[in-house]
Amino acid sequence: MVALVDCNNFYASCERVFQPALMGRPIVVLSNNDGCVIARSNEAKALGVAMGAPWFKVSRRFQALGVQVFSSNYALYGDLSRRVMQVLARFSPRLEVYSIDECFLDLSSWRGDRTALGAEIVHTVQQWTGLPVSVGLAPTKTLAKVANRMAKAGHGAGGAVLDWTQWPAQRETLAALPVEDVWGVSTRWGARLRQMGIATALALAEANPTRLRKVFSVVLERTARELAGQSCLPLELVPPSQRQIMVSRSFGQRLTQREELEAALTAFAMRAGEKLRRQRLRTRVVSVFVHTSPFDRAASHYANAATLVLEHPTRDSGRLVRSALQGLGRIFRPGLAYQRAGVLLPDLAPEQVEQGVLFSSAPGDNARSDRLMDCLDALNRSPARRAVGYASELQGHAWRMRQRHKSPASLSNWHDLPIVHAR
DNA sequence: TCTGGGGTCCTAGGACCC
DNA sequence: TCTGGGGTCCTAGGACCC
């Protein structure tokens, strides 16, 4: 038995925690660079704001309707997410943090009233973090997703809680659920399934699993079996080690100068190094990519990547920066308007095990480099954020993203701490 | 003027091994 | 006329997730 706890309209709800006056009002949160709509409050959904809509195209219309807009504030969302997960861990030590706003809990050993437990989870998270959540209970993860969806729609017996095993209208619910709304089925597979006459979750649950595996893959077969009540996706209680690290951004404006791109890639490589070291990993490969905007009509689209295989795995930001700039040298074409770039570390290894190299001339990371990196990380940790870096980052700042509607970092910056006045 | 940023898994095919 | 049978590893591409 598994519970899926999912925060309602997470980013929008986070913005309300420190601005309660926004309760009941339509809110949207934008992607980096204030590009697209990536989260909407229920009120904004009701007004017809589409998920993924380019904000510059629809902002006039919706701001006239009173929609409040926010740039994304991941410092805030990440901190609130951590707090929610801490609360949930009190209810079951066996949990899988599935995403920034979702968590699966193993309740198979819970003997009490499950709906009551769900209601207590909803109440506690609300009271301790200020965030609304919904709970779906079911024998499989995929069905827990369905149950959560029903709970959010207000069908649950306990308000925001729905126990699938107690739900009298299972078949009707699955029959009314479009197949592409099932977890693990998106538009492409949905279209192909419809061609096969499988248009609803019920039809998928009753489809022949072997045929699904043959036509699609074992992934869809599992989804179908899960819908039919057979658990195929175990809880991942221990998060597996990360396989790759990526840092990439769209620029605040188009870049044409190589030095500007170098500045951006320096910052990205630095950030990648921080992520690498936080997880106690090294990388053997540094890949760098740039591209122009696919939406720019004037010029033809250019996208390219360069991959550098290092002689020794490294966790040294200096090495990452040098490799990234070297890679850029291979793919930079003058005269283009670059819109985005990134650094990818696709081949990670644990920090402490290192494969030796038989014919090696270059030195790998040494104790001195390790100490330097630890020192760098210590200096750059909050509150002295971004205290020390590499000089090539100073060659330009035009790449930095637009964030015209950002709320304060109320939980992660002393200067942004809310002040409560008492009388 | 302006269109996000991360990740994962699976499969097929090619290269290699004995 | 005719040329085996079993493996592994790696990568690219395509799908999915939030």
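Chain letters run A, B, ... following the sequence lines, proteins first and then strands; every chain starts at 1.
- Rounded to an integer number of Å, the gap from CG of A/Asn8 to P of C/dC18 is 15 Å.
- The residue among A/Arg249 and A/Pro54 whose nearest nucleotide of DNA chain B lies closer to the 5′ end is A/Pro54.
- Taking the six-membered ring for Trp and thresholds of 30 and 60 degrees, A/His291 and A/Phe289 have nearly parallel ring planes, at less than 30 degrees apart.
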Give the C-alpha distance, both sets of side-chain angles, the deciding distance and a yes or no for salt bridge (charged side-chain N to carboxylate O under 4.0 Å, His left out) between A/Asp365 and A/Arg319.
CA-CA 9 Å; A/Asp365 290 351; A/Arg319 257 171 221 272; 3.5 Å; yes
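- With its ring centre under 5.5 Å from that of the base six-membered ring and a plane angle below 30°, A/Phe295 counts as stacked on B/dT3.
- The residue A/Leu30 sits apart from the nucleic acid: no heavy atom pair falls under 4.0 Å.
- Of the inter-residue distances, the one linking A/Ile100 atom CD1 with A/Phe10 atom CZ reads 5.0 Å to the nearest 0.5 angstrom.
- At least one side-chain nitrogen or oxygen of A/Lys145 sits closer than 4.0 Å to the OP1 or OP2 atom of C/dC18.
- Taking atom CZ of residue A/Phe10 and atom P of nucleotide C/dC17, one finds them 20 Å apart after rounding to whole Å.
- Listed by residue number, A/Val182, A/Trp183, A/Gly184, A/Val185, A/Ser186, A/Arg188, A/Trp189 are the residues of residues 179-206 of chain A with a heavy-atom contact under 4.0 Å to DNA chain C.
- Residue-to-nucleotide proximity on DNA chain B shows that, of A/Arg213 and A/Cys36, the 5′-proximal contact is made by A/Cys36.
- Between A/Ser31 and B/dT3, a side-chain N or O to OP1/OP2 separation shorter than 4.0 Å is absent.
- Here A/Tyr98 lies in heavy-atom contact (under 4.0 Å) with sugar-phosphate atoms only.
- Between A/Thr292 and A/Gln339 the shortest side-chain heavy-atom distance does not fall below 4.5 Å.
- Relative orientation of the A/Phe268 and A/Phe251 rings is parallel, given thresholds of 30° and 60° on the angle between their planes.
- Under 4.0 angstrom from either OP1 or OP2 of B/dG6 there lies no side-chain N or O belonging to A/Arg271.
- Contact check on A/Glu274 versus A/Arg278 returns no salt bridge, with no Lys/Arg side-chain nitrogen under 4.0 Å from an Asp/Glu carboxylate oxygen.
- Looking at heavy atoms from C-beta onward, A/Arg258 lies out of side-chain contact with A/Leu261 at the 4.5 angstrom threshold.
- Considering only side-chain atoms of A/Lys275, the nucleotide from B/dC2, B/dG7, C/dC18 that sits closest is B/dG7.
- Ring planes of A/Tyr74 and A/Tyr11: perpendicular class, angle over 60° (limits at 30 and 60°).
- A/Asp101 comes within 4.0 angstrom of sugar-phosphate atoms only, judged by non-hydrogen atoms across all strands, and of no base.
- A salt bridge links A/Arg114 with A/Asp163; the closest basic N to acidic carboxylate O contact falls under 4.0 Å.
- Set against B/dG6, B/dT3, C/dC18, the side chain of A/Phe56 has B/dT3 as its closest nucleotide.
- Nucleic acid contact class of A/Asn32 (heavy atoms, under 4.0 Å, all strands): sugar-phosphate only.
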Using a cut-off of under 3.5 Å, enumerate the N/O to N/O pairs linking the protein to nucleotides 8-10 of chain B.
from, atom 1, to, atom 2, distance (Å)
B/dT8, OP1, A/Arg243, N, 3.0
B/dC10, OP1, A/Arg222, NH1, 3.0
B/dC10, OP1, A/Arg222, NH2, 3.2

